[in-house]
S.K.: 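My structure is below; once you've seen it, I'll send some questions.
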Amino acid sequence: MPLVRIGLLTEGGYPYATGEARLWCDRLVRGLPQHEFELYALSRSADQERARVPLPEHVTRVRTAPLWAPADDGRTYSRRERRRFADCFAQLVHGICAGAPDPFAAGLYGLAGLAREQGGLHAALRSESAVRALEAACRAPGASRTVQAARVADLLEFVDDLERMLRPLSLGWYEENAHGEGLAAVDVCHAAAGGVAALPGLLAKRFFGVPLLVTEYGVQLRAHYLAHLGSGGAEEPRPAVRALLAAFHLRLACEIYTRADFLTPGNAHARRWQERCGATRDRLRTVHPGMEADRFASVGEGADRGDPDTLVWVGRVEPAKDLVALLHAFAEVRRTRPGTRLRIFATAADPGYLADCRSLAAQLFPDEAADCVTAGENPVAFEEVGGPEAPTAAQAYAGGRVVVLSSVIEGFPVTLAEAMLCGRATVSTDVGAVCEVIGGTGLVVPPRNPRALAEACLSLLGDAERAERLGAAARARALELFTVEQNVTAFQEIYLRLLAKGSERPDGGIPFARPPEARVPGHWTSPTWATPAPDPTSEAAV
């Protein structure tokens, strides 16, 4: 089996952060021990960098760059450099404000080329000339009314944000050094997300012809839109800043989707976003997230189908999960089936929203203790995965016969797939990739509709045979589509496909022209075992 050298690009995730984004990267790396991985991580906080997961031996190096720390390289620029920076930055912000892809790309790569030659752009991106160029772009024809109304404070705030998002341009990750390190030396760049995480891959492809693979299980552009819906909080960006940030993320997403050699959305919902932003179908392949089926085997293969009078909800307690609608739906379920219980298992929680849900439960069921978990004493129980009643997620799903998902916003519903692996019948709202995941093995209702949610739950609670049949079908589907094995196999095929396709490298991109032996330290007499790195001043390197 040939050895592929993969540069894995992450932002705020592997090998530091916890959660699903970290898990799938770890499973991918551990599932392909025959390949060599190098990790290039953009970190979001100092706390994040203190907790790194153990890495296998075939992860040969980890390089980290903080997006959170103040960055001042103390550089000064010549008049010629300042003029060149001003021209490139003006193109970039014109592309942002006017929604023009060509000036945006020209400005982005122009700044990247300047950063490679001069060693960094931190000071230039925060300079007065940058603010003036942004102001001119905001006032130019083609800019939206919101952007045209930007004040000085808005311009300063956006320039500050833009400098952080463009820090990958100033990193020393690209050229291959004497030790064979650098993105220029890898066989494939694999961005574990879109957005800023994929920016180093764009530059490696642009300057060195390294093939770029981008995986998105949650579309970064969509996540940005959802995070800036204008809640009115004290830290919420002003309208002009929100518009500028949204325009930047849109232009960057379109550039990534247009230039990437291959894209692997995690579901059809993400795929549609990518296609709308410039991805072509010949470069797209849906690769579902891989989950460890063995964690749920004892429940999924067991004879116990769960308490027939209990509904289970598992997930992060936050407004997007719409537990308010679930509690109102459960109140209707209780009117028809008074003995029914609802167990809410939190994997994490927004404290304020959790308090609101507890308060609502107390109002809907005033004569019963919502905090008690003793059968027969309460209809609603708030518990934690990892607590005494459910030490593991599998045991949480085992608590009832029917699992409910009530979200108004979802990407790939991980908890729904886990419930399927546990052989549980499901009732879900029609959001994100829900219909794609269940594929007819569960009931789906419109979001924000407690009555429909209640009726679907009652139909399964009242028909044990149907619930068991749907649960068995759900487990079979999950084992076919959502396991670690299918995920790893898919990426193995894609890596080899990209390598066999060749690249746009100056050496012609001949597959395996640089075998693993070329990277072993020491002196080798055979000149065919090592190809010198291109001279940074030559045309081929630029």
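These numbers come from the heavy atoms of this one structure, side chains and all, not from hydrogens, waters or symmetry mates.
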S.K.: So which pairs with a foot in residues 399-448 pass ring-ring contact (aromatic ring centres under 6.0 Å, His included), sequence neighbours left out?
M.R.: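 Those involving residues 399-448 are F412-F482.
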
S.K.: Can you find a pair of side-chain heavy atoms, one from R343 and one from T310, that are under 4.5 Å apart?
M.R.: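 Yes. Closest side-chain heavy atoms under 4.5 Å.
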
S.K.: What's the verdict on side chain to side chain contact (heavy atoms under 4.5 Å, CB included) for I344 and V380, showing C-alpha distance, side-chain angles and the deciding distance?
M.R.: CA-CA 7 Å; I344 295 174; V380 181; 4.2 Å; yes

S.K.: Carefully, step by step, assess L67 and S43 under the rule side chain to side chain contact (heavy atoms under 4.5 Å, CB included).
M.R.: CA-CA 6 Å; L67 297 182; S43 69; over 6 Å; no

S.K.: How about F491 and F262: are their ring centroids closer than 6.0 Å?
M.R.: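 Aromatic pair excluded; centres sit 6.0 Å or further apart.
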
S.K.: Suppose we screen for ring pair (Phe, Tyr, Trp, His ring centres under 6.0 Å). Which residues come up paired with Y353, at least two apart in sequence or across chains?
M.R.: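 Y353 satisfies ring pair (Phe, Tyr, Trp, His ring centres under 6.0 Å) with no other residue.
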
S.K.: Measuring only between side-chain heavy atoms, which start at C-beta, is M165 closer than 4.5 Å to L245?
M.R.: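 Result yes, sub-4.5 Å side-chain heavy-atom pair found.
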
S.K.: Within a strict 4.5 Å, meaning less than it, do heavy atoms of the E38 and I6 side chains meet?
M.R.: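 Sidechains of I6 and E38: no contact.
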
S.K.: Test S428 against V404 for side chain to side chain contact (heavy atoms under 4.5 Å, CB included), laying out the working first.
M.R.: CA-CA 6 Å; S428 312; V404 187; over 6 Å; no

S.K.: When the ring planes of H35 and Y495 are compared, do they come out parallel, tilted or perpendicular, using 30° and 60° as the limits?
M.R.: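 Plane angle over 60°, so perpendicular.
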
S.K.: What heavy-atom pair brings A393 and V385 nearest, and what distance separates the two atoms?
M.R.: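 That closest heavy-atom pairing would be N-CG1, 3.7 Å.
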
S.K.: Please list, chain by chain and in numerical order, all residues satisfying ring pair (Phe, Tyr, Trp, His ring centres under 6.0 Å) with H328, sequence neighbours excluded.
M.R.: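 Checked H328 against ring pair (Phe, Tyr, Trp, His ring centres under 6.0 Å); zero matches.
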
S.K.: For R337 and D309, run salt bridge (Lys or Arg N to Asp or Glu O under 4.0 Å): C-alpha distance rounded to whole Å, both residues' side-chain angles, the deciding distance at 0.1 Å, then the answer.
M.R.: CA-CA 9 Å; R337 295 176 64 94; D309 294 318; 2.9 Å; yes

S.K.: Is it true that the side chains of Y257 and E216 contain a donor and an acceptor less than 3.5 Å apart?
M.R.: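 There is such a pair between these side chains.
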
S.K.: Do we see a donor-acceptor contact under 3.5 Å between the side chains of Y40 and T64?
M.R.: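 Side chains of Y40 and T64: no pair found under 3.5 Å.
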
S.K.: Would you call P446 and D430 a side-chain contact if the rule is heavy atoms closer than 4.5 Å?
M.R.: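 SC-SC contact between P446 and D430 ruled out.
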
S.K.: Can you list the residues that meet the side-chain hydrogen bond (donor to acceptor under 3.5 Å, both in side chains) rule with T264, with sequence neighbours excluded?
M.R.: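 Testing T264 for side-chain hydrogen bond (donor to acceptor under 3.5 Å, both in side chains), a comparison that skips the adjacent residues, returns T215.
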
S.K.: Please step through side chain to side chain contact (heavy atoms under 4.5 Å, CB included) for the pair T347 and V314, ending with a clear verdict.
M.R.: CA-CA 7 Å; T347 56; V314 180; 4.1 Å; yes

S.K.: Under 4.0 Å between a side-chain nitrogen and a carboxylate oxygen: does that hold for R283 and D261?
M.R.: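 No, no charged N to carboxylate O under 4.0 Å.
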
S.K.: Assess, by modelled atom type and distance only, whether the side chains of Y397 and Q395 contain a donor and an acceptor separated by less than 3.5 Å.
M.R.: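 No pair is found: no donor N or O on one side chain lies under 3.5 Å from an acceptor on the other.
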
S.K.: Does a side-chain N-to-carboxylate-O contact under 4.0 Å join E275 and R271?
M.R.: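 Answer for the salt bridge query: yes.
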
S.K.: Side chains of E418 and T415: do they bring a donor and an acceptor to under 3.5 Å?
M.R.: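 Side-chain D/A pair, E418 to T415: absent.
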
S.K.: So L244 and F248, do their side chains get closer than 4.5 Å, heavy atoms only?
M.R.: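 No. Closest side-chain heavy atoms not under 4.5 Å.
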
S.K.: So, are E157 and R238 salt-bridged, with charged N and O less than 4.0 Å apart?
M.R.: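 Salt bridge: yes.
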
S.K.: Could you pull out all residues at least two apart from R305 that satisfy side-chain hydrogen bond (donor to acceptor under 3.5 Å, both in side chains)?
M.R.: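 Expected list: none.
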
S.K.: Going by atom types only, do Q486 and T483 share a side-chain donor-acceptor pair under 3.5 Å?
M.R.: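 No, because no side-chain N or O of Q486 sits under 3.5 Å from a partner of the opposite role on T483.
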
S.K.: Looking at E255 and R251, is there a salt bridge between them, counting it only when a charged N and a carboxylate O are closer than 4.0 Å?
M.R.: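 No, this pair does not count.
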
S.K.: Do the charged groups of E493 and R285 touch, with an N to O distance under 4.0 Å?
M.R.: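 Salt bridge: yes.
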
S.K.: Please work out whether the ring planes of H58 and F37 are parallel, tilted or perpendicular, with thresholds of 30° and 60°.
M.R.: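 Answer is perpendicular, since the angle exceeds 60°.
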
S.K.: For the pair E410 and K321, find out whether any cationic side-chain nitrogen is under 4.0 Å from an anionic carboxylate oxygen.
M.R.: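 A salt bridge is present here (some side-chain N lies under 4.0 Å from a carboxylate O).
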
S.K.: According to ring pair (Phe, Tyr, Trp, His ring centres under 6.0 Å), who are the partners of F296, at least two apart in sequence or on a separate chain?
M.R.: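 Counting only residues at least two positions away or on another chain, F296 forms no ring pair (Phe, Tyr, Trp, His ring centres under 6.0 Å).
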
S.K.: Aromatic contact between W313 and F345, with the criterion being ring centroids under 6.0 Å apart: yes or no?
M.R.: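 Ring-ring flag for W313/F345: false, centres at least 6.0 Å apart.
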
